[in-house]
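The structure appears below as structure tokens.
Note: hydrogens, waters and symmetry copies are ignored here, and every other heavy atom, side chains too, is used.
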Amino acid sequence: MNLVRWTPFNEMSLLRDHLNQFFDTSGGLGLTEGVRNWFPAADIHETDNELVVTADLPGVDPKDVDIRVENNVLTIRGERHFERDMEKENVHRVERMFGGFTRTFALATPVQTDQIKASYKDGVLRVTLPKAEQARSKRIEIKAA
């Protein structure tokens, strides 16, 4: 089981961004083209043989996503681009977040970095990290005397 430290400052930063968006120069209608950081939601679960990270990345081109594992830390970095084809005078509200994002997860279990696989379907990124052999659970048989 992985424990992920909750950092309330990320949520406070997101709240600040929403408030800034509301009180922008458009008179509080949320008419901004501002690009800012956002944090995609992610889940991590573990099986006997692997760790699986699932992240919601709707509207993100997979070519704009970079996944790395260094020193047992998984980093998912990317960017969702603002849709420039919307003409500002026709826009009533922009609530979706655009811009760069970075999610970093300390892996509690050593993984085989050369066997990591990533897939992207319907806006959901799935990263499968096979556990290193020494990290896999092993059943020990008890011999009766």
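- Note that CD1 of Ile44 and CZ of Arg103 are 8.0 Å apart. Values are rounded to the nearest 0.5 Å.
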Could you give me the CA-CA distance, side-chain angles and deciding distance for Phe101 and Leu57, then say whether side chain to side chain contact (heavy atoms under 4.5 Å, CB included) is met?
CA-CA 10 Å; Phe101 66 87; Leu57 302 176; 3.7 Å; yes
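- Dense packing is recorded around CG of Asp114, with more than 12 heavy atoms of other residues, nucleotides or ligands lying under 6.0 Å away.
- Residues Lys131 and Asn49 fail the side-chain proximity criterion, which asks for heavy atoms closer than 4.5 Å.
- Within the 4.5 Å cutoff, side-chain heavy atoms of Asp64 are placed close to those of His81.
- How far NZ of Lys117 is from CD of Glu50: 9.5 Å, rounded to the nearest 0.5 Å.
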Worked verdict on Ile67 versus Val127 for side chain to side chain contact (heavy atoms under 4.5 Å, CB included):
CA-CA 9 Å; Ile67 304 167; Val127 182; 3.9 Å; yes
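- Here the straight-line distance linking atom CG of Asn72 with atom CG of Leu107 works out to 5.0 Å at 0.5 Å rounding.
- Put simply, the side chain of Pro40 does not reach to within 4.5 Å of the side chain of Arg80, judged on heavy atoms.
- When the options Val60, Val53, Ile76 are evaluated for a side-chain contact (heavy atoms from CB on, under 4.5 Å) with Leu125, the one that passes is Ile76.
- Distance check, rounded to the nearest 0.5 Å: CG of Asn71 to OG1 of Thr113 gives 10.5 Å.
- You'll find the side chain of Glu46 reaches within 4.5 Å of the side chain of Thr109, heavy atoms only.
- Here the NZ-CZ distance, from Lys121 to Arg126, works out to 11.5 Å after rounding to the nearest 0.5 Å.
- Considering CG of Leu74 and CD1 of Ile116, their distance stands at 7.0 Å, rounded to 0.5 Å.
- Between Leu129 and Val52, the closest side-chain pair of non-hydrogen atoms is not below 4.5 Å.
- Under the 4.5 Å side-chain criterion, counting only non-hydrogen atoms from C-beta, Tyr120 is not in contact with Val65.
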